[in-house]
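Residues: numbered from 1 along the sequence shown. Atoms considered below: every heavy atom in the structure, side chains included; atoms not considered: hydrogens, waters and symmetry mates. We count ligands from 1, going down the list as the structure has it; atoms in each ligand are counted the same way.
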Amino acid sequence: MAILQVLHYPDPRLRNTAAPVDKVDGEVGQLVDDMFQTMYEAPGIGLAAIQVNVPRRVIVIDISNDRSEPLCFINPVVTRRDGLEVMEEGCLSVPGIYDEVERANEIEVQALDRNGKPFTMTASGLLGVCIQHEIDHLDGKLFVDYLSEVKRGRIRKKMEKLRRQTL
Ligand code: GNR
Ligand code: NI
């Protein structure tokens, strides 16, 4: 197991599109384990492989309070979306920034689990939001993209300043 380094906005590598996993083998299993450890340690409720500089379509999520409900989605596809809701979001790649984003309030998603077995899940509330947030990462999209250009510019400046201070 290993804790992986999380890329921060505006790192251009967060803008890559992740490629599908063609075989859920031991290497993917290792990545999933490392991603869970990284997410729990952060701590966060979700993590996409692209955030740890692995451009593959792999997501881990655990929204439970006691970190007892690990969920893994490989090659996830949203097959249905219903309604709209606004929720305050944050992102491990944009630390310290929280803002409201509008997304579908219920989705159906198909994916492979960590054993490569297909499954379908319906999700709403925080889980639904988190799945949509993570799938966006796989397509090079960040929650700040839903904010105004003015807000995004301010966030970018703040992140670049933070980066300079910590280098
Ligand atoms: O830890 C996280 N919290 C969160 C809160 C509201 C909406 C989405 C998220 S995901 C985020 C972890 C992360 O950046 N995943 O990509
Ligand atoms: Ni994120």
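In this structure, R57 and P76 approach most closely via the heavy-atom pair O-CD, 3.9 Å.
By the 3.5 Å distance cut-off applied to N or O atoms, E89 is not counted among the residues near ligand 1. Considering backbone and side-chain atoms together, L126 places no N or O closer than 3.5 Å to any N or O of ligand 1.
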Self-check item: Derivation of the salt bridge (charged side-chain N to carboxylate O under 4.0 Å, His left out) call for K141 and D139
Solution: CA-CA 6 Å; K141 193 159 178 147; D139 295 319; over 6 Å; no
Self-check item: Stepwise salt bridge (charged side-chain N to carboxylate O under 4.0 Å, His left out) test for R156 and E160
Solution: CA-CA 6 Å; R156 190 192 176 97; E160 282 168 344; 3.3 Å; yes
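By the criterion of a heavy-atom distance under 4.0 Å, the side chain of H133, and not its backbone, is placed next to ligand 1. Residue-level proximity to ligand 1 for E88 is carried by the backbone, the only part with a heavy atom below 4.0 angstrom. When heavy-atom distances to ligand 1 are checked against a 4.0 Å cut-off, E134 comes that close only through its side chain, counted from C-beta outward.
Checking G90, A48, G46 against atom 5 (C) of ligand 1, the nearest heavy atom belongs to G90. Distances from atom 14 (O) of ligand 1 to the heavy atoms of I59, I63, L92 show the closest one on L92.
Residue C91 approaches ligand 1 through these ligand atoms, each under 4.0 Å from one of its heavy atoms: 14 (O). Residue contact check: G44 has heavy atoms under 4.0 Å from atoms 1 (O) of ligand 1.
Using a 4.0 Å cut-off between charged side-chain N and carboxylate O, R81 and E108 make no salt bridge.
Using a 3.5 Å distance cut-off with no hydrogens or angles, the side chains of D136 and Q132 do not pair a donor with an acceptor.
At a threshold of 4.5 Å between non-hydrogen side-chain atoms, the residues R103 and E89 count as touching.
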